[in-house]
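As a basis for the values below, the full set of heavy atoms in this structure was taken, side chains included, without hydrogen atoms, waters or symmetry mates.
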Amino acid sequence: RAAVSEGTFEISRRIGGAKSEKRTKFDLWYRVYGSEHLLGDAAGEASSSSSSEGGRRRAPLVVLHGGPGLPSAYLLPLADAVPEGRPVIFHDQLGCGRSPSPSDASLHGMDRSIDDVEA
């Protein structure tokens with residue numbers, strides 16, 4: 001596998017009730033194997049498709065780890081099993097691995113994790 005890039009991307013979460021609601025920002029960690037195949041200026045600003053042999057577009061593989069509390073590190077070797085030309089994206093969910101771990105339980109959950117992947 002060729003180029004590897006990693007960094008963080010920002011998410012915003014609502015905290016509190018209707019009268020006391022505020023937004024808090026967190027930076028979630030990611031790593032991209034084969035980042036040279038992503039479209040855009042940087043891996044964090046890339047579109048959801050990639051180019052490969054023959055000009056055909058191939059979507060990146062987004063690998064999601066188990067949890068809560070189990071970071072993506074155990075899945076990183078899977079990047080070697082994916083054919084060249086298809087980027088593989090890993091990220092640590094909020095509260096796992098290299099991403100922040102806030103103590104407010106309302107910030108965690110399946111719906112919130114889905115929102116993070118869509119971001």
Side-chain angles (χ1 to χ4, degrees):
R1 190 144 303 274
V4 177
S5 63
E6 65 179 64
T8 60
F9 64 95
E10 186 178 274
I11 62 166
S12 179
R13 295 272 172 93
R14 287 187 307 235
I15 300 175
K19 292 186 178 184
S20 63
E21 183 178 293
K22 66 177 184 172
R23 296 194 78 76
T24 301
K25 295 179 180 180
F26 299 98
D27 290 324
L28 300 185
W29 177 85
Y30 71 87
R31 178 178 289 166
V32 181
Y33 288 82
S35 57
E36 74 276 13
H37 297 291
L38 289 173
L39 300 177
D41 293 334
E45 299 172 2
S47 73
S48 62
S49 56
S50 66
S51 59
S52 66
E53 300 169 14
R56 195 177 105 204
R57 303 259 183 227
R58 299 180 73 187
L61 174 63
V62 178
V63 180
L64 303 175
H65 63 82
L70 188 61
S72 63
Y74 74 100
L75 295 168
L76 295 177
L78 292 176
D80 293 331
V82 176
E84 189 66 35
R86 181 179 303 272
V88 183
I89 302 171
F90 299 88
H91 92 281
D92 283 340
Q93 299 167 19
L94 190 65
C96 298
R98 295 182 183 173
S99 291
S101 188
S103 59
D104 185 342
S106 71
L107 296 173
H108 304 280
M110 183 65 74
D111 290 339
R112 302 262 190 168
S113 293
I114 291 169
D115 291 344
D116 296 347
V117 170
E118 290 175 346

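In this structure, Val63 and Ile89 have side chains that are not in contact, with every pair of non-hydrogen atoms separated by 4.5 Å or more.
Between the side chain of His108 and the main chain of Gly95, no donor-acceptor pair closer than 3.5 Å is present. The backbone N or O of Ser72 sits less than 3.5 Å from a side-chain atom of Asp92, completing a donor-acceptor pair. Although no hydrogens or angles enter the test, the distance criterion places a donor-acceptor pair under 3.5 Å between the side chain of Gln93 and the main chain of His65. Distance alone, capped at 3.5 Å, places no donor-acceptor pair between the Thr8 side chain and the Trp29 backbone.
Separating the OG atom in Ser12 from the NZ atom in Lys25 is a distance of 6.0 Å, to the nearest 0.5 Å. Rounding to the nearest 0.5 angstrom, the gap separating the OG atom in Ser99 from the CG atom in Leu28 is 4.5 Å.
Closest approach of Leu64 and His91 over heavy atoms only: CD2-CE1, 4.0 Å. Nearest heavy atoms, Arg86 versus Pro60: CG-CA, 4.3 Å. Pairing each heavy atom of Asp27 with each of Pro100, the nearest pair is O-CD, 3.0 Å. The two residues Gly34 and Pro87 have their closest heavy-atom pair at O-CB, 3.7 Å.
Between Tyr33 and Phe90, the angle of the ring planes goes over 60°, which puts this pair in the perpendicular group of the 30/60° scheme.
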key: Criterion side chain to side chain contact (heavy atoms under 4.5 Å, CB included) on Arg31 and Leu76, from CA distance to verdict   = CA-CA 9 Å; Arg31 178 178 289 166; Leu76 295 177; 3.1 Å; yes
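Ile114 and Val62 fall into different hydrophobic clusters, where Ile, Leu, Val, Met, Phe, Trp and Tyr are joined by side-chain heavy atoms under 4.5 Å apart, directly or via other members. The cluster map of Ile, Leu, Val, Met, Phe, Trp and Tyr, joined by side-chain heavy atoms under 4.5 Å apart, puts Met110 and Ile11 in different clusters.
Between Arg13 and Asp116 there is a salt bridge, since at least one side-chain N of the basic residue sits less than 4.0 Å from a carboxylate O of the acidic one.
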